[in-house]
Amino acid sequence: MSTQGRGLGFWDGAWQIARKDTLVHLRTRRLLIIGGFYVISFLGLALLFAVFFREFFSGFYDRLSGEAFYISKANAVMAIYLFMPLIGASSLLQLLGIIFGYDAVVREHEDKSLFLILSKPVSRESFIAGKFLGSILSIGAIFIVLGAATYLLVALVVGEMPSPGDAIRYFLGLGFILMGLFALSAMALFFSSWVKTTGMSLTVSLLVWILVLFAISTGGDIYRGVNEEVGADDPVYLLTQYINPTIAAKSGMHFILNLDALAEAGVPLGAIALASSGINLDPLVGFLWLVAWVVVFLGGTIVVVRNRNFE
Amino acid sequence: MARGPDVFMAMPRAGQGGVTAVHAPRGSDPSVVIETLRLNKFYGKVHALRDLDLQVHEGDVFGFLGPNGAGKTTFTKILLGFVKPTTGWSYLFGQDVHAGGRQVLSRVGIVPDQFGFYPNLTGRAHLDFYGRLYGLAARDRESRIEELTKLVRLEHRMETKVGGYSHGMRQRLVIAHALLNDPDLIIFDEPTTGLDPKGAYEVRQLLRQLASRGVTTFLSSHILFEVEEICTKVAILNRGVLLKLATVRELKKEFSAVSGEQLEIVVDNPGTRILDAVRGTKGVVDLKAEAQRLTATIDDPDQVPKVVEAVVGAGGRIRRVVERQVSLEDLFLHYTDDGLGPGAPQKPVVPPGVHQAASTTRASRWKEGKR
């Protein structure tokens, strides 16, 4: 009887790599520790908003219009409670993308487990797709737990369940942030395939994220601030905002929450959110930009790995 | 599969001090399992592999010998697609893994010289993962894992995390992983390095077992007796140049022809008649007598019985016959000694006794260097 196997197609191979990575993340407790930290942090933030700001928000509740405000009037406050931790801490969330991407390839190479994988009938493209899929699975698992736990906690504190429409908007908002995470994960994966040590990969990923991307978007804000003629729809300004996946991801959140309406209604927290960048971005462009970001970095990773010699 | 002797005929390559095998065009001979054509690899200015032409055929137990830095691991990594050649081609079962032929790896098992496992996964989880990568169906995976864990004696440690495995256990696990797909070709790169004597012995036993089953085996090693014990064909690589490619027997015969082989015969009744009879035997190139001990130098190991017959025929009563055969170590040192780099002139052959002493010294030095 021959047991040489049937060989693996592209997605089969990718799935096996992703499955293994998720298993390793589970067994090393990486998923548990990092996921636990995030879930606890966000539950804490949601609780903070729900308990301390409920009465504060209630004063503005009646002024919120159902038509202008995308979130239904009945659940507006609750929706704010749910969204605010996500908006306020979306940068922290984006870090998850880097955490699950920076060592994906380079650690396999450092630990020499890569040779046992690449000696199998799995293409390098499939291997990279699997690595990305693995990070998506881990990040997605954390997000599902985090989102559901926050949702339930706020529902318990507020004492009412959101309408189905608000629930959908909430998870759509999460989806936008998740896209931003995938974009950063693809970027970290690219560096992971390029450099020779995990330390270097983490350093480069963080530096690019913090110094380059945030520097560009902050530079855009400064450019707009010092030039009165530069409006919120100035293409150069918009480009500096779109370029940062964190801000591009926020565009969807802002759209769903309709912070303009919040601000007009005089919600102070809405005004705070207004001050944050990304408010003028088109969510569709933001979404497409994030997809493009994933495609470009994933493609770049495949090009690097295809041409790299693994000594 | 039977093959003509010309397939492994080693031919000197002009100006390089190396040899090349006569090979058929790729794909014309389905029995060719590994084939490289004018394979070159540069690392910066270092020419790690030089115009390497090699063929390994179905059923071969092939030894790939060379000192550290000879290019053995580079060669293996090119074969498997980890490293791209600078120029030239490499094929496994007629497929170029560098040009989309990776599916052929489903027929290959590899035990690399350096490898790593995931410390938090169990032995079973590892084998299951690699079985999945080979595309084995669940039932086949399970039965293969059971079978192989018994073969490598890890059946009681399969549920233990690999982080708690000893070096020997990891080596056995990597061997089991390489056999999961019931490979047609198995590549061992220094499989006994770092193992204790018992572990190394067990690995060699396993290699013999595989070889006896007809699995084409490619053993890259610097451990000479290992190759000599197991392999039927040998390639000697030094500084990226293939210096020799032949069967072990052919190599020994060739070396004996130029350096001679010593045959020591102890007789109860030495005498001129016996000495004359031995001197007159075909193949004897030198003879020394000391008390009851005759030491004959012969140029062909096949002549040993003739020499013994000559002694008996001359009335000699033989007490003991000791044949000091040319070892692979002699050959290896002969071909890879520093003076024998690419393009260097052939090393003068020293008399057997002198050669033996020198060889031992060099061998000891080299082995010490390896450790």
**Asked** Which atoms of B:Val174 come close to chain A, meaning under 4.5 Å heavy atom to heavy atom: side chain ones, backbone ones, both, or neither?
**Response** side chain
**Asked** Does A:Ser126 have any side-chain contact (heavy atoms from CB on, under 4.5 Å) partners at least two apart in sequence or in another chain, and if so, which?
**Response** A:Phe10, A:Ala14, A:Val122, A:Ser123
**Message:** Strictly less than 4.5 Å between heavy atoms, which residues of residues 300-311 of chain A line up against chain B? Please order them by number.
**Reply:** A:Arg306, A:Asn307, A:Arg308, A:Asn309, A:Phe310, A:Glu311
**Item:** Test item: B:Tyr130 and A:Gln16 side chains (from C-beta on) under 4.5 Å apart, heavy atoms
**Value:** no
**Message:** The test is side-chain contact (heavy atoms from CB on, under 4.5 Å); show your working for B:Arg102 and A:Leu118 and say whether it passes.
**Reply:** CA-CA 9 Å; B:Arg102 291 191 64 82; A:Leu118 292 186; 4.2 Å; yes
**Heavy-atom contact with chain B under 4.5 Å, split by part of A:Glu108** = side chain
**Item:** B:Phe115, part contacting chain A, at a heavy-atom distance under 4.5 Å
**Value:** both
**Asked** Do B:His177 and A:Lys120 come within less than 4.5 Å of each other through their side chains, counting heavy atoms only?
**Response** yes
**Prompt:** Between B:Tyr118 and A:Lys20, is any pair of side-chain heavy atoms under 4.5 Å apart?
**Reply:** yes
**Message:** Quick check on the structure: residues of residues 185-200 of chain A within a heavy-atom distance below 4.5 Å of chain B, by number.
**Reply:** none
**Asked** Do A:Leu23 and B:Leu121 come close enough that some side-chain heavy atom pair is under 4.5 Å?
**Response** yes
**Item:** Contacting region of A:Ile117 [heavy-atom separation from chain B under 4.5 Å]
**Value:** both
**Fill in**
If one checks every heavy atom of B:Lys77 against chain A at 4.5 Å, the contacting part turns out to be side chain
**Counterpart residues, ring pair (Phe, Tyr, Trp, His ring centres under 6.0 Å), relative to A:Tyr38 (two or more places apart)** = none
